Amino acid sequence: MLPLWAAAQATRGVSLTEDRVALVIGNAAYKRDPLDNPVNDARLIASRLEQAGFKVTRRENLDRNGMAAALRDFGAALNENTVAVLYYAGHAMQLRDQNYMIPIDAEMRSEDDVGMQGVDLTFILGRMSRAKSRVNVVILDACRDNPFAKRAGGGIGNAQGLAQMDAPIGTLLAYATAPGKQAPDGIGQRGNSIYTTELARHLLTPGLPVELMFKRVREAVVRESRQLQVPWEHSSLLGEFAFVPGVNASTDSADADGSAEAALWASVQASNRADDFRAYLRQYPKGRFAEAARTRIAALSSVAASNTVATAAELMPRVGDTWRYRVTDQFRFGDLFVTARVDAVAADSVAETWTTTVDAKVRTTRVALKPGFNPLPDWGAAPPEFAPYLQAADLQGDLAAAVGTPRRAVDAVSIPLKAQWQADEDVVVAAGRFRAKKLVLQGRASARAGAAITTEHRVWYAPDVRRIVRYEVVSHSGRTVREATVFELTEYKLQ
């Protein structure tokens with residue numbers, strides 16, 4: 001079977017609907033230090049995931065053989081078109097920077113028993129990585145007190161909480177509290193942990209990107225726990241995902257007093273990992289500590305700024321380059337998010353995979369370097385992009401000849417457009433400040449009723465990004481606005 005990008009090379013594009021599978025485990029009936037909430041937590045989250053369209057397998061109070069079998073079967077169900085969620089509530093511990101979920105029959109007398117009786121989290125992460133699932137979300141409400149830490153002879157796994165781990169490509173790891181910290185079992189209401197209570201509250205919000213959903217969970221947990229518990233995530237997701245596809249009416253923060261942002265910053269400010277500061281910026285791109293975070297990323301990454309003019313070859317995208325945009329529309333109550341990822345690059349075109357929070361589909365398309373509009377298959381939620389890689393095309397300095405006369409249909413009227421470069425500008429978007437080349441396309445035509453139809457497309461291309469950083473479309477029929485859409489870059493990752 002050809003990969004999606006290969007299919008896109010042969011055709012204009014394809015659209016596939018994702019498969020959603022979840023494994024939910026709640027372990028509470030431990031011989032040593034039983035817990036109150038995990039079974040209730042597992043039932044609550046399983047119910048929410050089923051409402052979100054997941055095929056859910058729920059397991060409770062598993063011994064080691066039961067956990068191994070459940071994880072093995074779950075891993076076997078994954079493939080390239082899968083969205084996979086693993087939720088675990090129960091005891092867990094770290095040992096030598098590895099995290100272990102603890103079965104209910106564990107009876108550990110020495111550190112040597114941890115690897116034999118615990119279930120290493122890297123087992124299922126490895127399965128997810130090999131399956132190349134499109135999206136993997138691993139949720140660990142498992143940072144409770146280590147029941148084996150007070151053993152005679154110094155205890156087993158004396159380090160508190162869970163160890164920080166890097167998420168494999170395409171994976172988001174969510175911890176109930178920050179690495180190395182503990183979360184209490186009994187703060188929440190109605191027999192659930194506070195983390196799971198807030199997770200269940202926000203999980204079904206339509207169109208809310210998964211990273212922003214966990215941000216809302218963190219803000220609520222920090223507030224309800226009076227800053228005693230600060231949830232944490234590490235994301236290597238390559239595309240968009242919302243538990244419930246749709247348009248989100250509000251992606252604004254509920255962190256009115258800034259306590260959640262301050263708590264997250266406090267947990268990362270001493271870090272020597274650039275990814276920790278990127279995680280902060282994903283949640284608070286315009287936050288109080290955003291400039292400090294960018295400074296730390298630059299220092300840790302040892303990236304030197306360059307004042308040289310990029311060549312066309314340097315402006316060509318590379319496999320793995322990823323851009324995320326927020327799309328706002330005057331006629332839609334709320335925003336949506338889209339992510340484009342490069343799967344293959346040829347001399348005359350780029351193969352992309354697109355994902356969005358508005359639906360549960362994966363779209364692939366082939367984008368010609370030759371100037372023109374790029375419609376996505378089975379997509380009508382926003383206007384098509386115009387030549388996203390135009391700055392990499394060799395136009396020989398003659399824009400008019402290269403672009404020709406592209407056409408856009410507005411109210412079923414085909415409008416010819418004229419393209420013109422304007423002066424370079426500094427443009428500020430959520431992803432940062434960029435020096436950008438500005439292209440304007442304008443057109444006018446008459447409808448049968450006699451009203452003039454006009455449209456204008458304004459596109460900003462930034463060499464530092466290799467793609468569009470901002471794109472505005474405004475169309476009128478007479479004095480009536482027919483289109484008013486803005487694409488704004490919020491995040492990007494270049495190879």
Side-chain angles (χ1 to χ4, degrees), residues 305-317 321 323-330 338 340 350 352 367-375 382-410 413-446 452-492 494:
S306 174
N307 294 320
T308 60
V309 177
T311 65
E314 292 169 334
L315 293 171
M316 281 290 287
D321 285 355
W323 303 269
R324 187 188 199 197
Y325 298 91
R326 181 197 302 265
V327 183
T328 58
D329 192 296
Q330 177 176 320
V338 296
V350 178
E352 293 181 333
V367 182
L369 292 184
K370 182 179 179 180
F373 286 101
N374 178 45
E385 289 185 307
F386 182 80
Y389 302 110
L390 182 62
Q391 59 185 341
D394 186 2
L395 302 181
Q396 303 297 322
D398 189 350
L399 178 69
V403 173
T405 307
R407 305 183 77 89
R408 269 291 320 283
V410 179
V413 176
S414 180
I415 304 175
L417 302 177
K418 180 180 179 180
Q420 182 179 11
W421 286 117
Q422 296 194 352
D424 291 1
E425 293 182 354
D426 287 332
V427 58
V428 178
V429 294
R433 179 186 294 271
F434 302 95
R435 190 67 178 172
K437 298 178 69 65
K438 183 180 180 181
L439 177 71
V440 176
L441 301 101
Q442 295 176 316
R444 181 185 180 93
S446 296
I453 298 181
T454 61
T455 187
E456 180 172 292
H457 295 242
R458 298 183 288 270
V459 194
W460 287 265
Y461 301 91
D464 290 345
V465 173
R466 301 181 192 151
R467 207 178 191 278
I468 293 170
V469 293
R470 186 175 176 89
Y471 181 31
E472 300 175 355
V473 179
V474 180
S475 301
H476 291 81
S477 177
R479 296 182 179 181
T480 304
V481 178
R482 306 301 294 170
E483 290 182 313
T485 305
V486 177
F487 291 72
E488 177 185 2
L489 186 71
T490 62
E491 188 178 346
Y492 67 101
L494 303 181

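Predicted model only: the values in this text are computed from it and were never measured. Numbering starts at 1 and runs along the sequence shown.
Minimum interatomic distance between Pro371 and Ala387 (heavy atoms only, all atoms of both residues): CA-CB, 3.9 Å. Annotation for Glu491 and Ala431: closest pair N-CB, 3.8 Å, computed over non-hydrogen atoms. Closest approach of Trp323 to Pro317, counting heavy atoms only: CH2-CB, 4.1 Å.
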Do any side-chain atoms of residues 468-476 form donor-acceptor pairs under 3.5 angstrom with protein atoms, and if so which ones, sequence neighbours left out?
residue	atom	partner	partner atom	Å
Arg470	NE	Glu472	OE2	2.7
Arg470	NH2	Glu472	OE2	3.0
Tyr471	OH	Pro384	O	3.1
Tyr471	OH	His457	ND1	2.8
Glu472	OE1	Arg458	NE	2.8
Glu472	OE1	Arg458	NH2	2.9
Ser475	OG	Thr455	OG1	2.7
Ser475	OG	Glu483	OE1	2.7

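Checking Tyr389 against Glu352 by side-chain atom types alone, a donor-acceptor pair falls below 3.5 Å. Side-chain atoms of Thr490 and Arg326 form no donor-acceptor pair, as typed in the model, at a separation below 3.5 Å.
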TODO: Kindly indicate, with the supporting measurements, whether the criterion side chain to side chain contact (heavy atoms under 4.5 Å, CB included) is fulfilled by Met316 and Leu369.
DONE: CA-CA 10 Å; Met316 281 290 287; Leu369 292 184; 3.7 Å; yes
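Between the side chain of Gln422 and the backbone N or O of Val440, no donor-acceptor pair lies under 3.5 Å.
With values rounded to the nearest 0.5 angstrom, Leu417 atom CG is found 5.0 Å from Phe373 atom CZ. With rounding to the nearest 0.5 angstrom, the CG atom of Leu489 is 9.0 Å from the CZ atom of Arg467. Note that CH2 of Trp460 and CZ of Phe487 are 13.0 Å apart. Values are rounded to the nearest 0.5 Å. Atom NZ of Lys418 and atom OG1 of Thr405 lie 10.0 Å apart (nearest 0.5 Å). The structure places OG1 of Thr328 at 14.0 Å from OH of Tyr325, a figure rounded to the nearest 0.5 Å.
Atom CZ of Arg407 sits in a crowded spot, with more than 12 heavy atoms from other residues, nucleotides or ligands closer than 6.0 Å.
No side-chain heavy atom of Tyr461 sits under 4.5 Å from any side-chain heavy atom of Leu315.
Residues passing the side-chain hydrogen bond (donor to acceptor under 3.5 Å, both in side chains) test with Arg435, sequence neighbours excluded: Asp426.
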